[in-house]
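Bear in mind the structure is a predicted one, so any value in this text is a computation, not a measurement.
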Amino acid sequence: MPITQGNSAVRENRPSRQHAEGPAAVLAIGTANPSGTIVPQEEFTDQFFRMSNSNHLTGLKGKLKRICNKTGIEKRHFHLTEEVLLAHPEFLDRELPSLDARINMVATAVPKLAESAALKAIAEWGRPATDITHLVFSTYSGCRAPSADLELATLLKLRPTVSRTILSLHGCYGGGRALQLAKELAENNRGARVL
């Protein structure tokens with residue numbers, strides 16, 4: 001039975017939402033990078049065009065080199081190695097289908113990379129993974145069902161009741177949005193522990 005108070009309706013026997021006391025805080029950070037190949041930024045363009053058999057595209061190579069010089073990035077980490085590219089010629093040949101092979105590769109690699117970073121953060125935090133109440137997962141690398149957030153939750157042995165949110169294919173924007181969402185979850189759910 002609705003009860004009216006001013007302009008808002010309140011239902012009897014409905015639990016009120018419990019907000020956190022104070023602002024959200026970052027309690028730990030864990031990072032991980034692909035271990036396949038580390039390329040210094042000044043070598044990236046030459047290596048990319050060599051590996052993709054594209055050195056003949058001199059104008060495009062020059063443009064990419066100028067872009068790379070302005071990014072401020074010192075080194076790039078890649079899952080793909082030259083060996084992997086040799087084993088998958090479809091990755092470099094536009095005439096060959098490669099989507100299935102790419103999706104299968106990232107389906108394993110992305111959750112394992114996320115697990116590596118998460119384990120570092122959980123260790124720094126100093127509490128068991130089962131205390132995590134929410135998982136926010138963002139990736140640009142692949143989109144499939146079941147998604148990488150479920151795989152990560154399984155790898156970390158999170159409780160089955162953990163609230164999971166995945167942001168797929170958002171590019172660099174996804175990282176910032178994931179942090180904003182984690183802050184909102186922590187501040188609007190008393191006792192929330194968001195990974």
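When side chains are defined from C-beta on, Arg159 counts as touching Thr133, because their heavy atoms get closer than 4.5 Å. Looking only at side-chain heavy atoms (C-beta outward), Arg76 and Cys68 come within less than 4.5 Å of each other. The shortest side-chain heavy-atom distance between Asp149 and Thr165 does not fall under the 4.5 Å cut-off. When side chains are defined from C-beta on, Leu150 counts as touching Arg164, because their heavy atoms get closer than 4.5 Å. Residues His79 and Val84 form no side-chain contact, since every pair of their non-hydrogen atoms from C-beta on lies 4.5 Å or further apart.
A salt bridge links Asp46 with Lys61; the closest basic N to acidic carboxylate O contact falls under 4.0 Å. Classification of Asp131 and Arg193 as a salt-bridged pair fails, no side-chain N sitting under 4.0 Å from a carboxylate O.
Under a 3.5 Å cut-off, the side chain of Ser116 and the backbone N or O of Ala114 do not form any donor-acceptor pair. Within the 3.5 Å criterion, the main-chain N or O of Pro89 finds no donor-acceptor partner in the side chain of Asp93. Looking only at distances, a side-chain donor or acceptor of Thr37 sits under 3.5 Å from a matching main-chain atom of Leu80. Judged by distance alone, with hydrogens and angles left aside, the side-chain atoms of Glu187 form a donor-acceptor pair with the main-chain N or O of Ala24 at under 3.5 Å.
For the pair Leu155 and Lys112, the tightest heavy-atom approach, listed with the atom from each and the gap, is CD1-N, 4.4 Å. Contact detail for Ala186 and Val194: the closest heavy-atom pair is N-CG2, 4.0 Å. Scanning all heavy atoms of the two residues, the minimum distance from His56 to Asn53 falls at CE1-O, 3.4 Å. Shown here for Arg177 and Leu167, the closest heavy-atom pair between the two residues is CG-CD1, 3.9 Å. The nearest pair of heavy atoms linking Leu158 to Ile132 is CD2-CD1, 3.8 Å.
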Lys157 vs Thr130, side-chain contact (heavy atoms from CB on, under 4.5 Å): CA-CA, chis, key distance, verdict = CA-CA 7 Å; Lys157 298 178 176 62; Thr130 53; 5.9 Å; no

Do Leu60 and Phe49 pass the side-chain contact (heavy atoms from CB on, under 4.5 Å) test, and can you show the C-alpha distance, the side-chain angles, and the key distance before you say yes or no?
-> CA-CA 10 Å; Leu60 187 59; Phe49 275 77; 4.0 Å; yes

Kindly determine whether Leu152 and Leu135 satisfy side-chain contact (heavy atoms from CB on, under 4.5 Å), including the steps that lead there.
-> CA-CA 9 Å; Leu152 177 61; Leu135 173 64; 4.0 Å; yes

Using the salt bridge (Lys or Arg N to Asp or Glu O under 4.0 Å) rule, take Glu124 and Lys120 through it: C-alpha gap first, then chi angles, then the decisive distance, then the call.
-> CA-CA 6 Å; Glu124 182 181 319; Lys120 291 175 188 174; over 6 Å; no

Show your reasoning for whether side-chain contact (heavy atoms from CB on, under 4.5 Å) applies to Leu195 and Phe137.
-> CA-CA 8 Å; Leu195 174 64; Phe137 191 98; over 6 Å; no

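The cluster map of Ile, Leu, Val, Met, Phe, Trp and Tyr, joined by side-chain heavy atoms under 4.5 Å apart, puts Ile166 and Leu156 in the same cluster. Tracing side-chain contacts under 4.5 Å through hydrophobic residues (I, L, V, M, F, W, Y), one never reaches Leu169 starting from Val106; they form parts of separate clusters. Connection of Leu57 to Leu64 is established within a shared hydrophobic cluster, with ILVMFWY side chains joined at heavy-atom distances below 4.5 Å, either directly or through further cluster members. Using a 4.5 Å cut-off between side-chain heavy atoms of Ile, Leu, Val, Met, Phe, Trp and Tyr, with links allowed through other members, Tyr140 and Phe78 fall into different hydrophobic clusters. The hydrophobic cluster containing Trp125 also contains Leu119, counting ILVMFWY residues as joined when their side-chain heavy atoms lie under 4.5 angstrom apart, directly or transitively.
Remark: Arg102 qualifies as a cation-pi partner of Phe91 under the 6.0 Å distance and 45° angle criteria applied to the six-membered ring.
Within a 6.0 Å radius of CD1 in Ile29, no more than 12 heavy atoms belonging to other residues, nucleotides or ligands are found.
Scored by the salt bridge (Lys or Arg N to Asp or Glu O under 4.0 Å) test, Glu82 finds Arg50 as partners (sequence neighbours excluded).
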